[in-house]
There are 2 protein chains.
Amino acid sequence: MPTLNEVALHAGVTPATVSNVLRKKGRVGAETRQRVLEAIAQLGYRPHLPARALAEGRAPTIALMVSSIANPFYPEFALAVENALRRKGQFLIICNTDGDPQTGRAYLDQIAGTLSEGVLVMNANLDFEDLRTTELRGAPVVLCMWERPLDPPGLPCVAVDFRLAGELAAQHLLSQGHRRIGAIVGSKVYGIHAARYDGFVDAMQAAGLDGAAAPVVYAPDTTQGGYAAARDLLKAHPDLTALFTTNDLPALGAMQAAADLGLEVPRDLSVIGITDIQLARESRPGLTTVAVPTVEAAELAVELLLELVEAPENGARGDGPGGARVCVTSKPRLVVRGSTGEASTR
Amino acid sequence: MPTLNEVALHAGVTPATVSNVLRKKGRVGAETRQRVLEAIAQLGYRPHLPARALAEGRAPTIALMVSSIANPFYPEFALAVENALRRKGQFLIICNTDGDPQTGRAYLDQIAGTLSEGVLVMNANLDFEDLRTTELRGAPVVLCMWERPLDPPGLPCVAVDFRLAGELAAQHLLSQGHRRIGAIVGSKVYGIHAARYDGFVDAMQAAGLDGAAAPVVYAPDTTQGGYAAARDLLKAHPDLTALFTTNDLPALGAMQAAADLGLEVPRDLSVIGITDIQLARESRPGLTTVAVPTVEAAELAVELLLELVEAPENGARGDGPGGARVCVTSKPRLVVRGSTGEASTR
């Protein structure tokens, strides 16, 4: 395959001129343009996007900042992002921050605006100040799964209505006759799962129950975290017939805790999660959950980010605070599997 | 933070000259060098590796080719690779091939030797011819977890003794009194798990059993694949007391199949896997498995690849076929959890 340099040599021009003709940019005389186009045709040159970008001192990559790609939710999201980027001729760089803002800042300093043309951020616990600095340096930033569409962050974002997800989960349990429901929240009290918990409380209130008074444990957003939280809840409140959990991993842990306490799911205890990760489909019984539109969120995030890379000034043409763009995904939806059933009367 | 361009301006030289001074390359007169070093000191410039690389038309990235980052083993490996790369100032691009050689080739054509300085390959079902072409274009290639250290592929690789892993798994079952053992192989008959199955057969023979005659099913390397294979095996051979599986995901599926057939693990049936993915630790009961040194393999692969990027000619200074380099990891080791126990006499 001929290179851009060979085209330049053949046409008797510089590689930069060939690049300008291809990108229809810069000032190139009509005769020179003609010579370059003929050289391209004669040599059968096909533009090689990454090589061309590198010749211009750019790299067609987008960075995805995650706390750890080994967390079971992120690979599914990263796969969807990578598929969407590939269709646009862009490549995906993965940055694991380990949840550490300093590690995140070091990444942003090193690659945003140089190696990567833009940054997607997924729950990586980054300082918003660092993200704004990144934008000012010319690398647009998009937050990938903002949890509160009505309370946007002042940075371009894709938002998922997670309050509704919590509400749908609680409504499902209520519709099956559950009244004594415990809640496991996979973040700190005002942390990223707070909107999901709000939805739970709202649904309980709407059913005439004191949702805010229902037993609740805040736990690490992991299988083990859910296991310990469920054990504590079920020991302290043996009359609970259902557990609402704000994420699938702690829900799977809660199911294990139930088994270890001799409770059969769903006969003795119903368990519901939020997200619908692959493991939710594979567990026994399958986990009832509220699915969030992961692939759609990934595609919207890529679309918004690449739009901002092309025209950064559009970032401030939205209706969010400071004018930042906000894309809202379609609504989460209930997926009923085997882990929930009619309330028992233990 | 001052840029390389600002240093150049301050010293009255081109950015390329500053880059040459920093890299101790090219011809730079003593006086000019002094002026550049003073500008660096005065401005407090810290070299920005990606920016510098881009100015030279390179990008400090390594591509990791995987069939799908959403397969539960790969994220753990990718995290270890990314951590190792970061320590060397390199960034990780993830390429999902979906197991399709053509998709893999398209990636290699687009980024190897331009956007990425080298390529790590993990079970992505790529044509070896494409990988050799990639090497010839100046982008070294390392196969990350070659399954047969004694039968290397003619390309630089990190090899894990997976035959030994299979042998250790079978020996563990034999040591607990199991004699009627079924095998689930997560690949085609002469596919990538063949070495693991060879180890199983060897251990059976060494114990005076006809290992090659033991019931065996070849299945997709997934939870569902293991589920279906185990159900078939246990229905056709109800006297089996243990299942040897060549990977953890099918082993987890086999445990689910046992539960659905009313068999308690390990009382009625022992199940063992190979790899030790995170899910093996989290299942109930925990999965007994033979752990392979994932992090070590990732680190060796990064080390070997970056060595080849620096000095590609060293790739052919190994003792493998065609002189290609082969690094062998430390040995796999047995991890006993709750899914195996003394043979029952159903």
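Letters go in sequence order (proteins before strands), and every chain restarts at 1.
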At a 4.5 Å cut-off on heavy atoms, which part of [X] comes close to chain B: side chain, backbone, both, or neither?
X         : result
Asp260(A) : side chain
Leu279(A) : side chain
Tyr107(A) : side chain

Inset, instruction - Side chain from CB out, backbone as N, CA, C, O: work out which of these in Thr103(B) comes under 4.5 Å of a heavy atom of chain A, or both, or neither. - result: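 The answer is the side chain of Thr103(B).
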Legend entry - Proximity breakdown for Arg86(B) and chain A, heavy-atom pairs closer than 4.5 Å: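 When you check distances to chain A, only side chain atoms of Arg86(B) fall under 4.5 Å.
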Legend entry - Spacing of Asp98(B) atom CG and Leu79(A) atom CG [to the nearest 0.5 Å]: 8.0 Å
Legend entry - Reported CD1-to-OG distance for the pair Ile93(B) and Ser116(A), which is rounded to 0.5 angstrom: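 Here the interatomic distance stands at 8.0 Å.
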Inset, instruction - Count the heavy-atom pairs under 4.5 Å between each of Glu76(A), Arg58(A), Gln110(A) and chain B, then report the option with the highest count. - result: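 Answer, by heavy-atom pair count under 4.5 Å with chain B: Gln110(A).
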Legend entry - Top contributor to chain A contacts, counting heavy-atom pairs under 4.5 Å, from Ile111(B), Leu252(B), Thr114(B): Thr114(B)
Looking at every heavy atom in both [X] and [Y], which two are closest together, and how far apart are they?
X        : Y        : result
Ile69(A) : Ile69(B) : CG1-CG1, 4.4 Å
Glu82(B) : Asn96(A) : OE1-ND2, 2.7 Å
Pro75(B) : Ala70(A) : CB-CA, 3.9 Å

Legend entry - Glu282(A) backbone acceptor or donor facing Gln256(B) side chain under 3.5 Å: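 Yes, Gln256(B) side chain to Glu282(A) backbone: donor-acceptor pair under 3.5 Å.
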Legend entry - Residues of residues 223-232 of chain A with any heavy atom under 4.5 Å of a heavy atom in chain B: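 The stretch touches chain B at Thr223(A), Gln224(A), Tyr227(A).
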